[in-house]
Protein chains: 2
Amino acid sequence: MNLKELATKLGLSPTTVSRALNGYPEVNESTRERVMAAAKRHNYRPNTRAIRLATGRALAVGHVIPLATRHEIVNPIFADFIAGAGETYSRNGYDMIMSVVPDEAEEQAYRDLKSRGTADGVILHAPRMNDPRIPLLHEIGIPFLVHGRATGTELPYSWVDVNNRRAFQRATEFLLDLGHIRIGLVNGLEFMDFAIRRRTGYVDALAARGLPLDPALMSSDEMTEVSGYRAASTMLDLPESPTAFLVASMISGMGARRAIEERGLKMGRDISVIIHDDDLSYMKNGGDVPIFTATRSSVRDAGRIAAEMLLGIIANPGGQPEHRLLEAELIIGQSTGPGPRSFSPGTAPHKV
Amino acid sequence: MNLKELATKLGLSPTTVSRALNGYPEVNESTRERVMAAAKRHNYRPNTRAIRLATGRALAVGHVIPLATRHEIVNPIFADFIAGAGETYSRNGYDMIMSVVPDEAEEQAYRDLKSRGTADGVILHAPRMNDPRIPLLHEIGIPFLVHGRATGTELPYSWVDVNNRRAFQRATEFLLDLGHIRIGLVNGLEFMDFAIRRRTGYVDALAARGLPLDPALMSSDEMTEVSGYRAASTMLDLPESPTAFLVASMISGMGARRAIEERGLKMGRDISVIIHDDDLSYMKNGGDVPIFTATRSSVRDAGRIAAEMLLGIIANPGGQPEHRLLEAELIIGQSTGPGPRSFSPGTAPHKV
DNA sequence: CCGCGAATTGAAACCGTTTTGGATGCGCAC
DNA sequence: GTGCGCATCCAAAACGGTTTCAATTCGCGG
């Protein structure tokens, strides 16, 4: 059942039927009702392919995923981000199209999205420092929104990001307030923008209290269980081992916990741990009582917001770049407790 | 730059240019070369929207993801499956479109995919027992392929699946051969088809050795760290606790390990653990020496295969349903060791 | 020299919508 | 009665390709 058939069935022209269905004002209310009713009765769905061609819009948003050596980093949070964004797209009648391409084909993938008219806009994932994709997308001239930010990029662009620096700064302060002095940082790979910012937050917090930085207490690697375990193990075996950890993800946090427990220590009592929790639907940080104390920010919400912002940009391409900085909550769980300083007499705890 | 412009620039008709580019035989070789060169020079990309309308094909495959209460189950493996499938789509010039919809809108989502012409076929994820979506897709008349199988469904359908029953049967036998008699099953939710089959494998292996089933040693829940921990803890606290576990996923395996280590036991020495490993790119089971002994089957490969099969079905809609059963490997890691039986004199170990 | 088939090209229809640019009829003010 | 504005509808032209059907040219056998 297509528009023309529906029109003849109604004794109307396709023009009128189209206008009636799309809510144009120049059609008689009674006609409109008749059309609507007939459309529903024959359950007519307009052919998307024709709409796209006629309107010149793709009614779709693209996500390019390089099949990269290192894209594992994105993966765990990817599903949730997609879920949030996809929800928004569906609600607005947009399709979400995902291009999984070999690393070296990423640029071409973006170009094709534009030149073949497959997508009206794209979301850029996992930005790195000086990310070359941002100038690229500018050059191509396709509306886009970045999930995260790219340190070092001068060109303007719209983004949504978690305040990673602030989150890790607060987490560090929290540990310091608890009396911890030696705090290990188990960070993600530091060419990723978010990891750089988290490190900055950690460094700033220590500096603000006049505490020295110890390179031995700062590690950076993929956020897997194994690498979390390794980093924590190494630090725990130091002569002056840390009494607390700041860990970049839930998964690496589980590795850190393993290292701790393997040494007969108890997390939350002997060693404090704070993780960053993306609030993934399949990886909940406990129930009402969180297992880990965490800086939490829902990546699914971020996806929703990102999609909304991008649709806004698509609708109004000329506008100013928009930014949205999401604050992470500090969730107190069972993995943190007082540190050595809180017991030393004469040392007053810092004010919060 | 569109076809018509390119044609005038070449002094040819759009017809000829189209044919030249699409490899039709009735065009002079020298003309074809001229056209190809010009197309490359002006880097002409045919407009996908127009192609779709003209050919009546969507050149896209749909994945419907219900934003469900329980779809967490799919999530962790979803990213990898998608990566595999998406790779295949890209190579074949197909788009992957994902519809994230509220639970109750799932049926409508499939109908729309067909009636609005957005997709040429769909992949059905995470089938349950008597899954109603299989008759639905039949009724709609859209080519589809199921990742997994649906016990209880009589209608024919194409699928790709891991031999879950056999994998868990072998794993159980392996533990039995090691001398374990009391083996705990930490399964996924048993309305999911794969969980049913795994349980069957476990049950069959025990039955084959004439061993009794103990309901207290069989649990079923979501595959999270916490529920793995809970299930293992409960069993370990039984008067007659198990000496080995069969666990449905890497994540719940990490929970089980925590329960074990929390009790001062060592995995691989005191308690054996076998998990199922989907070989997720962001969740590797160790490096050269796997941490967990595991039944392993790459879900990314499954995605690749699924996509290829589906494209085949789309190209040849009349054909017979195709099936592909993937065997899981048994990977020996550090989490398994001899059980109590292997020490009892007079009890010969079973043959493998 | 004519006719025929093969090779090569093109004109025009088509895919199913939207959108432009009228048409038509009617009421109403002058 | 004429002109004008308004409400309502429609024919036809897009959109950018593919595909059908026909035209043209050329070589060659009879």
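Because the structure is a prediction, the values reported are computed rather than measured. Proteins come first, then strands; the chains are lettered A, B, ... in the order of their sequence lines, and each starts at number 1.
Two residues are said to be in side-chain contact when any heavy atoms from C-beta on lie closer than 4.5 Å; A/V122 and A/L113 meet this criterion. Looking at heavy atoms from C-beta onward, B/D103 lies out of side-chain contact with B/L67 at the 4.5 angstrom threshold.
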Problem - Letter per nucleotide, 5' to 3', of nucleotides 12-19 of chain C [B base touched, S only sugar-phosphate touched, - untouched; heavy atoms, 4.0 Å] - result: B--BBBBB
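At a cut-off of 3.5 Å, with distance as the only test, a side-chain donor of A/T16 or A/S13 sits close to an acceptor on the other residue.
Of the possible polar contacts, none joining the B/R304 side chain to the B/G84 backbone as a donor-acceptor pair under 3.5 Å is found. Counting only distance, with no hydrogens or angles, the side chain of B/Y157 and the backbone of B/A150 share a donor-acceptor pair below 3.5 Å. A distance-only check finds a donor-acceptor pair linking the side chain of A/D120 to the backbone of A/L59 [under 3.5 Å].
Ring geometry for A/F78 against A/H125 counts as perpendicular: the plane angle is over 60°, on a 0 to 90° scale with 30° as the lower cut.
A straight line from CG of A/L10 to P of D/dC9 spans 12 Å, rounded to a whole angstrom. The distance between atom CZ of B/R49 and atom P of D/dA14, rounded to the nearest whole Å, is 18 Å.
For DNA chain D, the neighbouring residues in residues 27-39 of chain A, judged by any heavy atom under 4.0 Å, are A/V27, A/N28, A/T31.
Pairs passing the ring-ring contact (aromatic ring centres under 6.0 Å, His included) check and including a residue from residues 133-155 of chain B, sequence neighbours excluded, read B/F81-B/H147, B/H138-B/F144.
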